[in-house]
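A short worksheet on the structure shown next.
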Amino acid sequence: MATHGQAQSGQGRIVSEIEETAIALILGLMTIITFINVVLRYGFNTGIIWGLEAVTFLFAWLVLFGMSYAVKVTAHLGVDAVINLFNEGPRKVLAVIAGLICVIYAGLLMKGAWDYWAPFAGLDATSGRWFPTGFENSRDQAWYEVIDIPVPEWLRFIEPIMNEGEAYEKLPRFIPYFMLPFGAALLLLRFVQATMNVITGRQTSLIVSHEAEDAVEDVKHMNAEG
């Protein structure tokens, strides 16, 4: 039912490793920054001033990046009590309809994410209320900065490109905000792939369904042995 048991090509395994490594790195950075801040606060009455903001951005990255990965591995939870009342044919039709709805939703999310991020990168937002019909001039907001996170010295090369030669005091917003269109684009891609997998019969659902129960059955013997 899910893609867990499906064989992956060499390229697919590499992509999965990259995604899983990125998620692990984000989690690790969140943990390290939070731990150091707690030690500094309670042990030395100080702290990393930009720590909270950095962890907030990292958490947003984790959500935006993880939601597409969960679609890929069929890890999103769902209720299938009604769907399972139907035979295999109607279930597949319902799964395809659900997939198409998700693709449309992800497309709308992608448009909104781009339109929000583009001005911060000095780019044009799309025209059209629901679907992009082109590009329209938007106010350049590339000079906007975050509140606390300092700009690393190795990023100074972007100042002549993005900020008309003016120096950034803090990290420009378009860098952390880039995860918005990137995560939305990945989500759209994964929903398209998942819908195609349902159509071709490689999977029968977009959700984890009753596989949680299957997973419990798989590890039940461990408790018995204990």
Side-chain angles (χ1 to χ4, degrees), residues 1-31 53-78 95-126 128 130-133 135 138 142 146 149 155 158 171-200 202-209 211:
M1 178 173 294
T3 55
H4 293 293
Q6 294 175 4
Q8 287 185 320
S9 64
Q11 182 179 0
R13 286 193 295 271
I14 292 174
V15 172
S16 294
E17 288 290 336
I18 293 174
E19 291 175 326
E20 292 167 3
T21 300
I23 292 172
L25 284 175
I26 293 173
L27 282 170
L29 286 173
M30 290 173 60
T31 303
E53 187 177 40
V55 171
T56 302
F57 282 134
L58 288 171
F59 182 75
W61 290 5
L62 182 66
V63 173
L64 292 168
F65 193 79
M67 64 184 183
S68 61
Y69 181 76
V71 173
K72 175 184 176 181
V73 300
T74 323
H76 283 293
L77 299 177
V96 171
I97 293 174
L100 293 175
I101 293 174
C102 289
V103 169
I104 294 173
Y105 168 78
L108 294 173
L109 186 65
M110 175 65 195
K111 172 180 166 50
W114 173 268
D115 290 347
Y116 183 83
W117 173 77
F120 291 108
L123 301 174
D124 292 334
T126 61
W130 297 99
F131 299 99
T133 57
F135 291 92
S138 55
V146 301
I149 303 175
L155 278 178
I158 66 175
L171 187 70
R173 290 191 185 186
F174 76 89
I175 293 178
Y177 287 7
F178 173 71
M179 185 55 74
L180 280 169
F182 181 74
L186 269 181
L187 182 66
L188 176 60
L189 172 64
R190 295 310 183 194
F191 272 135
V192 170
Q193 291 177 332
T195 303
M196 292 304 301
N197 286 339
V198 172
I199 293 174
T200 58
R202 296 181 61 188
Q203 67 186 70
T204 59
S205 176
L206 300 177
I207 59 177
V208 71
S209 189
E211 290 191 0

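FYI, the numbering just counts along the sequence from 1.
Nearest approach of L171 to P176, heavy atoms of both residues: CD2-CD, 3.9 Å. I199 and V96 make their closest contact through CG1-CG2, 3.9 Å (heavy atoms, listed as atom of the first residue, atom of the second, distance). Contact detail for A95 and L206: the closest heavy-atom pair is O-CD1, 4.2 Å. Of all heavy-atom pairs spanning I149 and F57, the tightest one is CD1-CD1, 3.7 Å. When all heavy atoms of F135 and D124 are compared, the pair lying nearest together is CD2-O, 3.5 Å. Closest approach of A121 to A142, counting heavy atoms only: C-CB, 4.4 Å.
At least one side-chain heavy atom of E19 sits under 4.5 Å from a side-chain heavy atom of K72. Between S205 and V198 there is no side-chain heavy-atom pair separated by less than 4.5 Å. With contacts defined as side-chain heavy-atom distances shorter than 4.5 Å, the pair L180/L64 qualifies. Contact annotation: the side chain of F59 never approaches that of L27 to less than 4.5 Å [non-hydrogen atoms, C-beta and beyond].
Look at R13 and E20 and you find no salt bridge, because none of the NZ, NE, NH1 or NH2 atoms lies under 4.0 Å from a carboxylate O.
Atoms CG and CZ, from L109 and F191 in turn, are 9.5 Å apart once rounded to the nearest 0.5 Å. With rounding to the nearest 0.5 Å, the separation of CD1 in I26 from CE in M179 is 5.5 Å. Separating the OG1 atom in T195 from the CD atom in Q203 is a distance of 8.5 Å, to the nearest 0.5 Å.
Listed by first and then second residue, the side chain to side chain donor-acceptor pair (under 3.5 Å) pairs that reach into residues 100-111 are K111-D115, K111-T126, sequence neighbours excluded.
In this structure, W61 contributes its side chain and T56 its backbone to no donor-acceptor pair below 3.5 Å. Between the side chain of H76 and the main chain of M67, a donor-acceptor pair closer than 3.5 Å is present.
Residues passing the side-chain hydrogen bond (donor to acceptor under 3.5 Å, both in side chains) test with E53: none are found, sequence neighbours excluded. A search for salt bridge (charged side-chain N to carboxylate O under 4.0 Å, His left out) contacts involving R173 returns nothing, not counting sequence neighbours.
Of the candidates L189, L108, L187, L188, L188 is the only one forming a side-chain contact (heavy atoms from CB on, under 4.5 Å) with V103.
Under the 30°/60° scheme for interplanar angles, the aromatic rings of Y177 and Y116 are found to be tilted.
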Exercise for review: Starting from the C-alpha separation in whole Å, work towards a yes-or-no answer on side chain to side chain contact (heavy atoms under 4.5 Å, CB included) for I175 and V146.
Suggested key: CA-CA 10 Å; I175 293 178; V146 301; over 6 Å; no
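For F178 and W117, the ring centers are positioned less than 6.0 Å apart.
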